[in-house]
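Quick notes on the structure that follows.
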Amino acid sequence: MTIEIGVVLGIVAVALYLFASQKLPLYVTSLAIMVIVICVPFLDHLSWIRDAGLDFTGTFPTVTEGLSGLSNPATVTVMAMFLLSAGIQRSGLMHVLGRKLVPLVGNSETRFLLVVTGLVGLISGFVNNTAAVAVAIPFVIELARRIGIRASKALIPLSFVSMLGGMLTVIGTSTSILAVAVLADMPEFGRPLRMFEFAPVGLLILVVGLVYFLTVGRHLLPDREIGGEATAGTGSDDGTDGNGDTSEGTFVVELRVPKGSEAVGRTLDDFGAFTEIGATPLRLTHPEDSDTSDRPAPTAAEALSTTPLSDGDIVTVSATTRQVADFVAAEDFHVASDMDGSYGHARDGVLVRALVRNRLLFDGRRARDIGFWRRYRARPIGIEAEGVHSPRLADATLRVGEVVLLETEESEIPRLRRRPDLVLLSEFEDEFDRARMWVTGLTMVAVIALAALTPVPIVVSALAGVVAMAVTRCITAEDLTSGVQWEIIFMLAGVIPLGIAMTKSGGAELIGETLAAATGSWPPLLVLMALYAVTTVLTEVVSNNASVVILVPVAVTLSSALDIPVLAVALTVVFAASTSFLSPVGYQTNAMVFGTGVYRFTDFAKVGAPLNAILMVVTCSAIWFLWG
């Protein structure tokens, strides 16, 4: 091993340590890598470096190559997908689709994982898996929120299964497309792979991956929500939790069952419209029956699941502002506004969050006694809390510093802002637009179809989609900054020039030669497993596409030296490079789910290492059985 290779491997080791330990913010580590690999060649200007015969200029990236990570198709693709995802989320399309799928998955985490990951896995075989994950991320976050499952339980499975599904065909991943081109140019193989040439192995590993997450894998996933204990700086900066809801808590709200509602005679569990909106029911109250007007919390769930609803029943729920807005627009439940001592139906106004701050007026007084409508021309419909202990919300006592949800007319907002008793914190703006839903949905379909059915690369079709959404105002100038997780972009941009250094210095070639020398006397199946393991590790350093470019030629040489069929060793490299689970930098879909802010860097290794070990055995055994 030369000194130049040693320097490169040393930089790699330090980079991996900093990524894993997060001693520095990820974007700082990434930029530091980029700067270091660019600056190392300038050491050749030192006389003692020249006298030692070292050649860093020829073995490290040039300035242009060092900055190429910023314009690399992988980096640009991820950036474009973030913007497309922001446009889809802003339109409300994922919100609507999430509501439609809730009844199918119910409250079952098992059904949720099976339905969502299974669909994305199959779709990823026929469209680029990066595009499939871009569409699915906001949808999965929205659906997880609705059925009460942590987003961290779904996003890593989404990414991993999309990679497995991408191996059903030769067009599912950029890695397999690149491998087809590399093999076709090699005289030892000399033909393109057919569309479904490795589909049997792809289907097998897809099933194994689903079974893994339904059994062992689900217990290894972190229990963490967006905006929770996750990588610093990767969450959304727009005041949302990533799924379109404000991260400002939930409100206790009362819903009245109106006469003629389709919910009459049915339980909440049986009534799909309530389940679709996704609020958490707390209590069922029959106003005419004092014996049931104060059901204790422990039996509330039982009562709600077994008691048919009647006209005038009050369902107390915990709901986000978005969910309250959905109930305002619903026909089968009315948001009760009788905290003010009068009955009303909050349908035509706007929702605002207001903090109460007049101690003499609010402290210790019941909501019904304050006279919100008389004082402020605003109806109180919710209190920001996890629950309420009084029989009715109107009987809840308020304290200075509490937040109430008010419904008022738009024209009353300026006057409300001037009132010294209240501090208006935010106004809920419902930006969901059915026309924009169609535009964003069709734009995303066009992006995927263009990449799947034509020679146009996914990066070009994705950028065209961004332009289309910008022209139709489905994304805004704000999305160009807050919609992109720039830390992830910088992380990819820093790792790519490190891969160039690995190639130019001969470090990657050294790994291949060492592997050939070490496995010369091994059984062929063990050789394939060793090649799989090396490819997996290398992919975490130099990206999946670089691994294919570096190791497919090594695999072909290994095939000739050890008398192993070319297709067997080549597919081993392709499958290993396309199933990179150990970190968020090894594959674009990992980087995208990491960008939601749910995960730490090390979560991927914790969940992915066992799956990689299982797939190493399963994949290599299947490849050797079919082509060995």
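- In this structure, the side chains of Leu406 and Pro380 come closer than 4.5 Å at one or more pairs of heavy atoms.
- Under the side chain to side chain donor-acceptor pair (under 3.5 Å) criterion, Thr472 pairs with no residue at all, not counting sequence neighbours.
- Minimum interatomic distance between Val598 and Ser152 (heavy atoms only, all atoms of both residues): CG1-CB, 3.2 Å.
- Applying the side chain to side chain donor-acceptor pair (under 3.5 Å) rule to Arg473 yields no partners; only residues at least two apart in sequence or on another chain are considered.
- When each of Ile156, Val120, Leu113, Thr117 is paired with Val161, the side chain to side chain contact (heavy atoms under 4.5 Å, CB included) condition holds for Thr117 and for no other.
- Evaluation of the side chain to side chain contact (heavy atoms under 4.5 Å, CB included) rule for Val207 yields Val211 as partners, not counting sequence neighbours.
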side-chain contact (heavy atoms from CB on, under 4.5 Å) between Leu122 and Leu168, worked out: CA-CA 8 Å; Leu122 292 174; Leu168 290 171; 4.3 Å; yes
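- Between Ile383 and Leu405 there is no side-chain heavy-atom pair separated by less than 4.5 Å.
- Looking at residues two or more places apart in sequence or on another chain, you find a side chain to side chain donor-acceptor pair (under 3.5 Å) between Ser583 and Glu540.
- For Leu220, the side chain to side chain contact (heavy atoms under 4.5 Å, CB included) partners are Tyr212, Val216, Val607, Pro610, not counting sequence neighbours.
- Listed for the Thr443 side chain is no donor-acceptor partner under 3.5 Å among the backbone atoms of Met469.
- Between the side chain of Lys153 and the backbone N or O of Asp223 there is no donor-acceptor pair closer than 3.5 Å.
- Closest heavy-atom contact between Val140 and Ala154: CG1-CB, 3.5 Å.
- In this structure, CG on Leu114 lies 11.5 Å from CZ on Phe112, to the nearest 0.5 angstrom.
- Counting heavy atoms from C-beta outward, Phe594 and Arg600 have side chains that stay 4.5 Å or more apart.
- Proximity of Val315 to Arg256: side-chain heavy atoms (C-beta onward) are nowhere separated by under 4.5 Å.
- Note: Phe213 and Phe160 have tilted aromatic rings, judged against thresholds of 30 and 60 degrees for the angle between ring planes.
- Two rings, from Phe604 and Tyr599, have their centers less than 6.0 Å apart.
- By the side chain to side chain donor-acceptor pair (under 3.5 Å) test, Thr589 is found to be paired with Ser159, residues two or more places apart in sequence or in another chain being considered.
- No donor-acceptor pair closer than 3.5 Å links the side chain of Lys606 to the backbone N or O of Leu221.
- Taking CG of Leu210 as the start and CG of Leu206 as the end, the distance is 5.0 Å to the nearest 0.5 Å.
- Annotation: the span from Leu155 atom CG to Arg150 atom CZ amounts to 13.0 Å, rounded to 0.5 Å.
- In this structure, Leu255 and Val317 have side chains that are in contact, with non-hydrogen atoms separated by less than 4.5 Å.
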